[in-house]
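Just below is one structure, and these are the notes that go with it.
Whatever order the structure lists them in is the order used to number ligands and atoms, beginning at 1. Note that the coordinates shown come from a computational prediction; the quantities given were computed from them, not determined experimentally.
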Amino acid sequence: MDASHGTAVVGLQWGDEGKGKIVDLLTADHDVIVRYNGGANAGHTVVVEGERYALHLMPSGILQDGRVCVIGNGVVVDPAQLLSEMEGLQARGIDVTPQRLLISDRSHVVMPYHKEHDAAMEQVLAGAAGKGDENLSIGTTKRGIGPTYADKVHRSMAIRMGDLLDASVLRARLDVVCAIRSRELEALGVDVPELDPAALTEAYAAIGQQLAPYITDTVYWLHGAINDGRRLLFEGANACLLDIDHGTFPYVTSSSCSTLGIAPGTGLPGSNIDHVVGIVKAYGTRVGEGPFPTEDLGEDGDLIRERGHEYGTTTGRPRRCGWLDLVAVKYSAMVCGATSLSIMLMDVLSGFDTLQLCTGYRLSDGTVTDRFLPDARQLAQVEPIYESLPGWHEDLTAMTEDHELPTNAQAYLDRIESFTGVPVRFVSVGPDRAQTIRRTGAAVQG
Ligand code: GDP
Ligand code: IMO
Ligand code: MG
């Protein structure tokens, strides 16, 4: 990757494409790694020389020495979870000092009642689903993401990381919030003791003291970094099809997780992004509810799940599996402005005689479209139209050069490029940092 001001790494499907691995890889060419959205709903697994790291709130760039990681204002921070990640990394010899980690004073705090609210809403909505034709529960990670962003939008109920530094501000806010939240939780049928503002203030002010050296105005800091010529890498969490505006609403997360969220989530204008690396799994997966046109509920889906170890990093849930939906990927690449693609988990597809690529949708009235339909109700009605491509049986996991890839794997990558119009720059053939092929023979130019 050329030296540049800013590179964005973003998932072009429903998450878990392997963003963490590519962020870790590209960290070598960047100075500052910035999270701009989401929270501990993300689970990014990075494998370095056989060592496996599961990161949720911490930017994946922390694993390489000398880099600064920033948790931007658009993130919702569960500070207890963050502290435990920091401690876990420190115990493994990773330096997590305030010189290496900055947390925006404007990022919003996930409080325990947000997580209780998230879980309770899911339960109530799941119960309501049987009465209508729609499943209203989202299948969230129960990390309190939706309720925390809702408080941000409601304004007066919100708590930001900067508020943890002043116990009197925190207490005054929690006196009001706890009274309202207790009634809401009660109405949702949650059997928890009345929320105690004094106890919560004590616990969260103490956490604030621990994190105080890290909490700062990251907006000024990031602009200073740009002015100093430092290269920024924006680490997307969740993925474009889970974006609150552009994903398969309502089965989405509550943040702008496409690249469009970078500007509001960091305070940097979009003009600072030169490259957008779209991360694409070589097949399709989804966790939670919502339409997934290419889902395979038969043997092929099961085979992909077992070969790809498709179980969530955050919740351990089995991921729904199926074929690669190029209609969806082309849409996400358009929304995110992808300038290149990284095709991940190619090794998992070894062993299939035939592979299917979805290149269109048949609508219920029989017409065919190559447009993605982000409305969940409409998307649930479509039937995928597949192109069949011959598979390959070679093990790819030890390959390091483009020319080693079997002809049928090359043809598969060529078809991804020709359909999306975006060049494939990296092909990943295993979880380790080293198992990555730089593609030289892109069929289309980016
Ligand atoms: P993220 O949320 O987009 O960072 O992705 P996850 O970490 O949740 O899920 C991707 C999983 O695939 C992780 O367990 C990675 O270690 C693993 N992985 C990444 N790239 C490859 C690959 O090319 N081949 C295989 N077999 N596993 C990979
Ligand atoms: P990474 O960064 C996969 C999904 C959840 C659920 C929906 C809403 O690891 O790719 P939320 O808890 O955010 O309110 O849940 O979004 N979801 C993800 N699925 N990977 C993720 O992140 C996800 N983040 C959210 O499964 O369907
Ligand atoms: Mg993940």
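Each of the following atoms of ligand 2 lies closer than 4.0 Å to a heavy atom of Ala237: 2 (O). Which parts of ligand 2 touch Gly288 is read off a 4.0 Å heavy-atom cut-off, strictly below it: atoms 27 (O). Of all atoms in ligand 2, listed by their number and element, those nearer than 4.0 Å to a heavy atom of Lys19 are 1 (P), 2 (O), 10 (O).
Protein N/O/S atoms found under 2.8 Å from the Mg ion (ligand 3): Asp16 OD1, Gly43 O.
Lys21 and Gly430 get closest at one heavy-atom pair: NZ-O, 2.7 Å.
Closest protein heavy atom to atom 18 (C) of ligand 2: Leu242 CD1, 3.5 Å. Looking at atom 27 (O) of ligand 2, its nearest protein heavy atom turns out to be Val287 O, 3.0 Å. Nearest protein heavy-atom contact of atom 13 (O) of ligand 2 is Thr253 OG1, 2.5 Å.
Protein neighbours of ligand 1 below 4.0 Å, counting non-hydrogen atoms: Asp16, Glu17, Gly18, Lys19, Gly20, Lys21, Gly43, His44, Thr45, Thr313, Arg319, Met344, Leu345, Asp347, Val348, Ser428, Val429, Gly430, Pro431.
A ring-centre distance under 6.0 Å is not found for Phe292 and Trp323.
Close N/O approach between Asn41 and ligand 2 is found [any backbone or side-chain N/O within under 3.5 Å]. Ligand 2 has no N or O atom lying under 3.5 Å from any N or O atom of Glu289, backbone or side chain.
Glu235 and Ser60 share a side-chain donor-acceptor pair at under 3.5 Å.
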